[in-house]
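All chains are named by letter (A, B, ...) in the order of the sequence lines, taking the proteins before the strands, and each is independently numbered beginning at 1.
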2 protein chains.
Amino acid sequence: MRKGEATRIRIVEEAARQASLRGLAAVSLADVAEAVGLSKSGLFKHFDSKEAMELEIVDYVTLLFTEFVWRPAEHLPTARERLSRIFDLWMDWEDKKWAQGGCPIMAFSVELDDQPGPVRDLLQRRLQQWKKTLLRQFQQLREPPLSDVEAQTAYFQMKSFALGHLDARRIMGDADARRSAQAAFEALLDRTERASPP
Amino acid sequence: MRKGEATRIRIVEEAARQASLRGLAAVSLADVAEAVGLSKSGLFKHFDSKEAMELEIVDYVTLLFTEFVWRPAEHLPTARERLSRIFDLWMDWEDKKWAQGGCPIMAFSVELDDQPGPVRDLLQRRLQQWKKTLLRQFQQLREPPLSDVEAQTAYFQMKSFALGHLDARRIMGDADARRSAQAAFEALLDRTERASPP
DNA sequence: TCAGAAAGAGCACGATCGGTCACTTTCTGT
DNA sequence: ACAGAAAGTGACCGATCGTGCTCTTTCTGA
């Protein structure tokens, strides 16, 4: 049972890599099998169906995102430091970790938004968790804490800038994308900190 | 030659509709043919290949975007009014015009960003044109005109909010998405107008 | 009106898709 | 060491993919 777990991980990693390039639906079981050195039917000893594999991919990628972006920032002393670090790591995630195919989470979001089913549901749950985490951080940015509405506003803009960075970087080929995003986000933090409580 | 043009348009419209749902690559010629009441081989009297059809789709959708978002705002008296109207129409485009499948331009961007070829090139050209149009509008927002850097900053944030709106609306199911986007954008216009020239 | 072109139908192709089944090899717990 | 489970193979299935071919129907310009 030990050996199986190892190949299972190799399969998911490879499948996630391919999914970041072409999308979840376009992942070919034959290609994945060949890349990890298995026969196509060998894959089915690890996954009951392609949908089961897609679930594992989404699970793997979203957990990896948390490890990559949240874990190193989690224990910084102030909310401002945490948020700055998170955004910086988020940019790294988008253009270092997934330099080749682009952020898979954004790709999955666009691909799945109108395709109901367990895969979309899992993605949604994970994105909601992440949103909750960020809202909590924004609330701690000021004393007294930001209202729900203020935190929502800040969250919306933060996520927008992360999306904008990806768009500018990957489709528009904008070399300044990261600087623009970082500047916009720091200005957002300034505005949000300074905003006078009601 | 008249009749052919009419069905050609019906084909592109239907193909664009399907592409907004599942992506360009996932458009099935068989499905398109059936939807417009043709045989699959009949399609090839209008398009040499699937790639040729994808080019038509991108062409059609991007021109339609300009008609929908830019044309009605083009002749408003002030840059502020034009930009406000553009953003409002942009939101309409995203959640009225393409209510079912989501904005195809964003979907194509994510799908094509790492797939070199004439289809991606066409999309990039059209997106660059649109960026230029918006930059010009931002420059006219203030007297003396905004610098290139200032206009770039404003453009980056505008596009980010449009992307953020789509993300919030479609994947996160956020009913307040449009309000958040609109508020963020109006605040951006305020900041940009007020910013003191160097 | 009538010939030639355009539009479209029907069929078949090779490739690839996700998936099954019977079988063999390899590992692992006792 | 050995039995049983886990891991992996190879051949094959029906469906669907984009595309080419031949043939017929329909339109249109002179």
Expressed in angstrom and rounded to an integer, what is the separation of [X] atom [atom1] from [N] atom [atom2]?
X	N	atom1	atom2	value
Arg8(A)	dA6(D)	CZ	C1'	13 Å
Phe44(B)	dC11(C)	CZ	P	18 Å
Lys50(B)	dT19(D)	NZ	P	8 Å
Glu5(B)	dT26(D)	CD	P	21 Å
Leu29(B)	dG8(C)	CG	C1'	15 Å
Glu34(A)	dC17(C)	CD	P	11 Å
Leu38(B)	dT25(D)	CG	C1'	14 Å
Phe47(B)	dA7(C)	CZ	C1'	13 Å

Notebook entry, point to check: Should Glu74(A) and Arg71(A) count as an ion pair when the cut-off is N to O under 4.0 Å?
Noted result: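 Looking at Arg71(A) together with Glu74(A), the answer is yes, because their closest N to O distance falls below 4.0 Å.
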Give the C-alpha distance, both sets of side-chain angles, the deciding distance and a yes or no for ring-ring contact (aromatic ring centres under 6.0 Å, His included) between Phe185(A) and Phe87(A).
-> CA-CA 8 Å; Phe185(A) 181 64; Phe87(A) 194 80; 4.2 Å; yes
Taking only the side-chain nitrogens and oxygens of [X], find out if one of them lies under 4.0 Å from OP1 or OP2 of [N].
X	N	value
Ser41(A)	dT20(C)	no
Ser28(A)	dC17(C)	yes
Ser49(A)	dG18(C)	no
His46(A)	dG8(D)	yes

Discussion item. Is it the case that the ring center of Phe161(A) lies less than 6.0 angstrom away from the ring center of Phe156(A)?
Written reply: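 Between Phe156(A) and Phe161(A), the centre distance exceeds or equals 6.0 Å.
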Kindly say whether the aromatic ring centers of Trp90(B) and Phe68(B) come within a distance under 6.0 Å.
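No - the distance between ring centres of Trp90(B) and Phe68(B) does not fall below the 6.0 Å cut-off.
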Please determine whether any donor N or O and acceptor N or O are separated by less than 3.5 Å between the side chain of Lys40(A) and the base of dG18(C).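 Such a pair exists between side chain and base.
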Scan Val32(B) against the nucleic acid and name what it touches under 4.0 Å (heavy atoms): base, sugar-phosphate only, or nothing.
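Nothing, no heavy atom under 4.0 Å.
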Q.
Once you apply a heavy-atom cut-off of 4.0 Å, does Lys45(B) come out as touching a base, just sugar-phosphate, or nothing?
A.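 Counting heavy atoms under 4.0 Å across all strands, the contact made by Lys45(B) includes a base.
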Q. Are Arg8(B) and Phe47(B) in a cation-pi contact, defined as NZ or CZ under 6.0 Å from the six-membered ring centre and within 45° of the axis?
A.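 Checked: cation-pi criterion met.
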